[in-house]
Structures are given as structure tokens and as C-alpha cells.
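Only one structure is covered here, and it is reproduced in the block below.
First the proteins, then the strands, lettered A, B, ... as listed; each starts at 1.
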Protein chains: 2
Amino acid sequence: MGRDPHRVLDVPPAPPTLADVAAVAGVSRQTVSNALNNPALLRSDTLERVRAAIDQLGYSPNRAARNLRTRASHLIGLRLTPFAEGTANATMDRFVHSLVQASRQAGYHVLLFDGDDPTDPASGYDELVRSTAVDAFVVTDTYRGNPQAAYLEDASVPFVAFGRPWTPAALHPWVDVDGAAGTAAATSHLLDRGHERIAWIGWRKDSPIGEDRRAGWSRTLHARGLPTTGLASRVEDLVTSGREAAGVLLDEAAPTAFVCASDTLAMGVLHQLAERGLRPGHDVAVVGFDDSPVAQVVPGGLTSVRQPLEEVAVQIVQRLGKLIGRRERFGSGALLTPRLVVRGSS
Amino acid sequence: MGRDPHRVLDVPPAPPTLADVAAVAGVSRQTVSNALNNPALLRSDTLERVRAAIDQLGYSPNRAARNLRTRASHLIGLRLTPFAEGTANATMDRFVHSLVQASRQAGYHVLLFDGDDPTDPASGYDELVRSTAVDAFVVTDTYRGNPQAAYLEDASVPFVAFGRPWTPAALHPWVDVDGAAGTAAATSHLLDRGHERIAWIGWRKDSPIGEDRRAGWSRTLHARGLPTTGLASRVEDLVTSGREAAGVLLDEAAPTAFVCASDTLAMGVLHQLAERGLRPGHDVAVVGFDDSPVAQVVPGGLTSVRQPLEEVAVQIVQRLGKLIGRRERFGSGALLTPRLVVRGSS
DNA sequence: GGCGGTGCTTGGATCGATCAAGCGTCGCGA
DNA sequence: TCGCGACGCTTGATCGATCCAAGCACCGCC
């Protein structure tokens, strides 16, 4: 109150402090603090009075002061993966939305950053940890063995991974989507439609996620006694790669359907079909992975495996909460099941 | 140093503080502070010594403490717009990336949030301002008159808008893309290819952005003495709306080309063409707006107007810097020119 | 009348960096 | 030799919330 009695009109008024609220409510600072952090300690009429004062002044506790004292920032760090032009996979957008929402409900905000050196997986994390700018991280780009997880683990920084740890020794909590279950559902769906020669276009062998998704396809075919040899291709995650792979497969193995590790690859297949005058969903079926906007709006529609990103976010935030509160170093994993969204391409 | 001589091994070591660095370097706290914020004040040998100590300890200044003292957070707030399923417009993703990158270079991080009440345009901003959690905002969803800009202006919260103020009284800094120039380029491009009956599919009349983009189309046609009557349609930003509008226009006005206010609408046109067996780029040309991933990967490719979002972000951050440093309330605007990306559909 | 408990106050320290003033040293000119 | 100013560094106070310990007023109960 009245810290600046000769206030110049031009200067925005300083926000009220705890002491201001206390003065208005006619109680001590400690009581206001308790009203916020430990309301059970107050008599109900006092609590009411304090809350009225808070509303009247439009008071919100100063974040910096609270953070300094409690050694917590209530921020969750998320490093953006380098933006890939020309691919269909806009998974990040949906995931970020879900994460922001789930975080808010848990009293957290999301801080975005990117590495100044994109080739260094630890870049960016370091400084945020040391300056105690965030309480924990969500690590997403676990596509190739996840080097930053190892770094964060020995720096004993709390984090939850979106993606299984593909190295056996890892102990951190994680949430992931069962890719194999998704491609298995896709394959079963195609089998139900009468397809028997179903091809796979996936990622290079060193991608654990790619191999996981591939397993769902091959497992399902084998279960029905159908062969997979000659029907699989592993390429880069590019539209052109998918197009070429589809061309080769069509020429050499004459599949009637494709299951792909991503919507990007599936779009490549659609390119190939368009070039040959084959109609997706009639002549050849195609299933993608991620249910990207592209799958949703491409003419005819692309059948695709949709990850439950909203649920992933909720589960991640749950684990973050546990991690931050108590100082547990371990954590549990959760494997969620995706859902097949059927559209015109199958 | 040695704040906890009986350190338990399980507990992560507390990060070093300014005082720790000072002790190692044999100087006072203030000198270390100056080494970071005002290196010119130090004698070069002292500076060297302090820097060595900083490196040795892996010191980064505690954000909370700095924020408390300087009354700044070095965070920029960005409210996510509600996620629209089934549309092509993934502009946000690219913009967020660009913003994060530009912010980092200016020493800022991006804090994401969303309104707990999506219908209230001011929701979410309020609390962040009062708790001094962010220094400024970037306001993006200025599509319909931008009610939160008015709110932020009276609350005298620093912000920069991505999007022109459509109300004349507004004084805040802004950065925008010249939509009319984009659609004009698209229309000229089509004229150059020999089209004369060029249709427009845009948004409802109450969208200033939509009307701006429409103006580029009509202006260009009129300049060549070509009519626009009967060739325009205004609908919701949905694929199905675009499809229907294209159907009506084809039946009633027989255009040979379409310019659309968004890639979503353009995809609708492609749907309509596919249904009629017309080939985009051969029988009928189509141009979209935003250069979304969809435009990039759809078979045949969709010609589209690409916004220079990287440059937008840079300009926004520049203005944020000015706003935050000095307490200026005014700010300048910048109108950037988009670029037409030509693909198979035209 | 004494006793315990509830509900609040008081005074202080604390988190870690920055601000503002102060102080010693050195060089230079009078 | 003394005074003066500049340079380079130090010292104490401060930002606002939280945490802690102690204490006090008031109430009801035995």
C-alpha cells in the first residue's frame, strides 16, 4: 500500500502485494499466505474476508518471489523438434495443445525452447536446468534411441518421455502409444476387406519406433498364415521415398494394399497410385499413421492410425506431478492403444 | 559454498550461486554480477578470472531471483488458439517454431497457455499479467476484430499483434502479412496462364482478413477489365463448405480457375474436382492460401500463398524488445509480402 | 481458577540476484 | 605534499513470498 504516494499517471500501477491484501483485509501477511496455501488453518469468516480483499485488489502472488522461495517454477520445458517442411506429420501441434491443457489443469505452464545447436541433443536443456527455469521436461523426440534421456538421467533432471525407453537400463517414467497395436489393427482391417497381399512401407531399421510399427503388420499377417517376404520396404520418411517404394513394390510384388509407418509415406503411395491411374480405396487400399490434417482433408480421405495424444498428455502430466512433488527418481510407464480412423482410402 | 556440509548423496546438489562464483574467483558478488551484465566495468584480468570461475562451477544465474529483482521474466506469453480438427491450416506450428527461435536470439523464451474458458478472449491473460509471469504477449487470433487487443490495451499490458488492428483507434504495434498482395499474385499467375474466368472462395463478410484477401483477387481482375460478379462465394472455413461452393460455382459460372482464402477451402475445391473427374492443373486450376503441409504433400501439389512467418516472428520480437525495454505505449506496424508457391494445381 | 486448544500476530530469516551508495587506490596537476 | 576525480571493487539494502518459532488473546471445559 502506498509504496509510491506520488505516483505518476504514466507509469502503470505496481501490482498489489501480499502486504497490500493483508492491510485491506485487516489481517497479517502470514494469514493471507495461509489463505492461499493452507486455507484449512483459517476460520471461515476470516478466509472469506481475505478472499474478498484478494478479489477487490485483483491480487495474484508474484511468481518470481514465490519461485525463488519455494525453488520451483511451475513450468514444464518442451523442446521443439526441428520443423520438417514437406511432411504430413503435424503430430506436434495436437500434442502441444493437449499438453498445455493438461498442464494448466495441474497448475503448470509450458515453456517452449529449441536448441541453439540442433545437432546437440542436450543443447538448451542445460541452461534451463542450471538456472532453475523449469521444474521438469517433457522429452518427445525419442525416435533414434533418445540421447537426451541419458543426459537428463545423469544430470538427475526430472523428466517424462513421450516414447518408450529403447535402452533397457533406463528408469525414467514414460508414456507411449502402442504402434504395433495400431498397425495390427490397420492390417486386420485390410484383411477383413478381403486383402491378402498387404505391403509395408516403413522407416529405416535403426528406428525402434519404425520396427515396432512394422511388427504389428508382420505379426498379423503371420497369424493368418500369410507371407510377408518381398512385401516390405524401409525408407526415409519422405513423400518421394514413399512414392518410389510403392512403385517398386507394385511392380515386383503386386500388393493390393499398403500399411505405412507414417502419413507422409502413405501420401507417397497416393502419389504413385495417382500416376498409375489407380484409385485409392478401389484398386489399392492405403493406410497411414498419425491421422494428420493431411489424412483428414485429402480428397477421398486417408485411413490412418490415430494416436490418443490427449490421453498421452494427461498421463505425462500425472507422472510429472509425482516426479516434481516427491524426489522420486524412478517412474512407471504407460502404453496406450491407438485407434484406426477409416476413410476412403481403404 | 558449503551451505550443506553434510550433504546426503541422494539429494541432487544445489546449483551454484553468485556467491559461490564470487568466492572461487576471489571477488565480491556484485563484481560477478557485473561480469555478466556489464562486463565493460571490469578490468580485463578480473573478468577473465570471474569467467573461469563461472565455467568451472557451471554457473547460470537463478532465474527466479533475477526476475524478482528486475521485475521482468524474460518470458513471452502466447495463447494457443483452439485446435481445429479437419482443417488444413497448420500455420500455427510453423509460426510457433519461428517465434521460439526469434525469441531465443533476443534472450526470451515462449510461455504457452490456453484460456480455461475458450469463449472469453481475455481468459488466461489476466492471471499471467498480475502475477508478472510474462513480460509481454504475442496475440495471434485477430481474425474477428480481436477483442483481447482492446482488453490488453486498457490493462496497459505490452503486446504485439500478429495481424493488423481492424479497429482504427488501436495504437499497439503489429506485424501482418499483406493478404491482398498474396491473392493478387495468385490471380496474376492464373491470368498469365491464360485463365479469364477466375472464381473466389473466401470467408464470411465479417472476417476482415477474408475481405482483405478477396480484395487482391477482385482488384487484379478489375485491373484487366475482367468481371467478378457471380464468381465469388463466401462460406465457413471448412473442406465441405469449399466443396459445395465450388460445385455451385462450376454449375452456374463455369470458372476455369479458383483462388481460395485458405488451403482448407482449396482442398474442398479439389474434392469437388475429383468427384467430377476433373484434373486440377489441367482442367481447372486451384490456388490456396497458407502453404500448409497439405498443400505440399497432396498428390499433384497445391499451389498456395506462403506467409513469411519466419520474418513475421523476427519483426514481432523486435517490437517486443522495444516495448519491454522502455515503457513506450505506442508501436509501429509492418506489412510483409507473401510469396506464391506454384505446384501442380495451376 | 487453571488448562488446553484454536486462530491469529509478530518478528525475523531466507531464497539469489541487482541497485545504490560508499570506499580505497592510483595518477595527475597545482 | 595535498586535493581531486576516476576507476574498480565492495557493502548493505531490497525485490515479495514463504517458512519458522514464539507468543498472545480468547474460548470452553473440567
| Would you say the ring centroid of A:Y125 lies under 6.0 angstrom from that of A:F159? | no
| How would you label the contact of B:T70 with the nucleic acid (heavy atoms, under 4.0 Å): base, sugar-phosphate, or nothing? | sugar-phosphate
| field | Candidate pair A:I316 and A:V312, rule side-chain contact (heavy atoms from CB on, under 4.5 Å), full reasoning | value | CA-CA 6 Å; A:I316 284 179; A:V312 168; 3.8 Å; yes
| message | Between B:R164 (side chain only) and B:V177 (backbone N and O only), is there a donor and an acceptor less than 3.5 Å apart? | response | yes
| query | Going by heavy atoms closer than 4.0 Å, what residues in residues 39-67 of chain A are next to DNA chain C? | reply | A:L41, A:L42, A:R43, A:T46
| Atom-pair distance (CG on B:L36; P on C:dC19), nearest Å | 12 Å
| query | Phosphate oxygens OP1/OP2 of C:dG7: is one of them under 4.0 Å from a side-chain N or O of A:T31? | reply | no
| Audit row: B:V160, B:F137, side-chain contact (heavy atoms from CB on, under 4.5 Å) steps and yes/no | CA-CA 7 Å; B:V160 177; B:F137 291 98; over 6 Å; no
| field | Residues forming a side-chain contact (heavy atoms from CB on, under 4.5 Å) with B:S332, sequence neighbours excluded | value | B:R319
Show each protein N/O and nucleotides 11-13 of chain C N/O combination with a separation under 3.5 Å, one pair to a line.
unit_1 : atom_1 : unit_2 : atom_2 : d
C:dG12 : O6     : A:R29  : NH2    : 3.4

| Between the axis at one end of the helix from C:dG1-D:dC30 to C:dA30-D:dT1 and the axis at the other (five pairs apiece), what's the angle to 10 degrees? | 60°
| said: Taking any heavy-atom pair under 4.0 Å as a contact, classify A:S33: base, sugar-phosphate, or nothing. | reply: sugar-phosphate
| Salt bridge check: are A:R104 and B:E127 linked by an N-O gap of less than 4.0 Å? | no
| Whole angstrom value for the distance that separates C1' of C:dA17 from CG of B:D20 | 13 Å
| Over 12 foreign heavy atoms within 6.0 Å of CD, A:E48 | no
| note | Here the distance between atom C1' of C:dA17 and atom CZ of A:R130, to the nearest Å, is 17 Å
| request: May I have the distance from A:L68 (atom CG) to D:dC15 (atom C1'), rounded to whole angstrom? | output: 9 Å
| Pairing residues for A:Q56 by the side-chain contact (heavy atoms from CB on, under 4.5 Å) criterion, not counting sequence neighbours | A:V24
| Heavy-atom distance under 4.5 Å between the side chains of A:L128 and A:L111, does that happen here? | yes
| said: Categorize B:V27 for me: base, sugar-phosphate, or nothing, with a 4.0 angstrom heavy-atom threshold over every strand shown. | reply: sugar-phosphate
| Have B:N67 and B:S73 got a donor and an acceptor in their side chains that come within less than 3.5 Å? | no
| query | Of all residues at least two apart in sequence or in a different chain, which pass the side-chain contact (heavy atoms from CB on, under 4.5 Å) check with A:P39? | reply | A:L47, A:R51
| Candidate nucleotides C:dT10, D:dT11, C:dA17, ranked by approach to the side chain of B:T17 - the nearest | C:dA17
